[in-house]
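The residues of the chain are indexed from 1 along the displayed sequence.
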Amino acid sequence: MPEGRSLEGWSPVIGVDAALEEVVELAFDYRGDVTVTRADGSSVTGYVYNRDRGAAEPFLEVLDPGGASHRIRYAEVRGIAFTGRDAAAGRSYEAWVRRRADSRTETPSVPGA
């Protein structure tokens, strides 16, 4: 998994780079679209808005750009790629503190000068 940076563009190999359950949790927390590839080769791109690994048949739910909801069983998932732009990149609390500190160290402009 990419350490200390956005997941944007990451295409982990399930079972090698991370366990499926871990990748699903990361996809759920991701603030961008992912592409889920199924065992039959089909794929769904959208926003993971729900998941339940404790269900009798664990699943995740994806909302596609057209507004359709897709429920995909974990058993069907062969890959999850972080294909959409990470809307939260650079918006962490730490980044906010750095920007605020940087703005305070800049020389203020004098009106009318």
Side-chain angles (χ1 to χ4, degrees):
M1 171 172 72
E3 300 269 338
R5 63 182 180 88
S6 172
L7 297 172
E8 187 175 327
W10 189 44
S11 297
V13 176
I14 303 294
V16 175
D17 296 322
L20 174 62
E21 294 80 7
E22 180 183 4
V23 177
V24 169
E25 286 303 309
L26 291 168
F28 178 73
D29 290 337
Y30 188 63
R31 297 299 172 230
D33 285 349
V34 300
T35 299
V36 179
T37 303
R38 294 183 177 128
D40 66 5
S42 66
S43 63
V44 175
T45 298
Y47 183 77
V48 176
Y49 71 92
N50 190 23
R51 80 279 184 244
D52 187 351
R53 73 188 276 182
E57 289 192 38
F59 65 89
L60 62 118
E61 292 179 305
V62 178
L63 187 64
D64 72 23
S69 178
H70 303 265
R71 181 176 280 207
I72 305 167
R73 293 179 304 116
Y74 279 25
E76 296 176 75
V77 176
R78 291 300 171 265
I80 299 177
F82 296 80
T83 52
R85 186 180 72 78
D86 183 355
R91 296 181 183 209
S92 67
Y93 176 73
E94 292 80 13
W96 176 82
V97 169
R98 279 193 304 275
R99 285 191 305 270
R100 184 176 170 133
D102 290 347
S103 70
R104 288 183 173 184
T105 60
E106 294 175 3
T107 307
S109 60
V110 178

Who are the side-chain contact (heavy atoms from CB on, under 4.5 Å) partners of [X], not counting sequence neighbours?
X   : value
E76 : R38, I72, R73
T37 : S43
S11 : A81
Y49 : Y47, E61, L63, S69

Test side chain to side chain donor-acceptor pair (under 3.5 Å) applied to D40 - qualifying residues, sequence neighbours left out: S42

Spacing of I14 atom CD1 and E22 atom CD [to the nearest 0.5 Å]: 9.5 Å

Separation of I80 CD1 from L26 CG (nearest 0.5 Å): 9.0 Å

Of all pairs that satisfy ring pair (Phe, Tyr, Trp, His ring centres under 6.0 Å), the ones with a partner from residues 52-85, not counting sequence neighbours: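 Listed once each, the pairs are W10-F82, Y30-F82.
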
Salt bridge (Lys or Arg N to Asp or Glu O under 4.0 Å) contacts touching residues 42-55 (sequence neighbours left out): E25-R51

Residue pair D33 / T45: nearest heavy atoms and the distance that separates them: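 Smallest interatomic distance, heavy atoms only, reads CB-CG2, 4.3 Å.
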
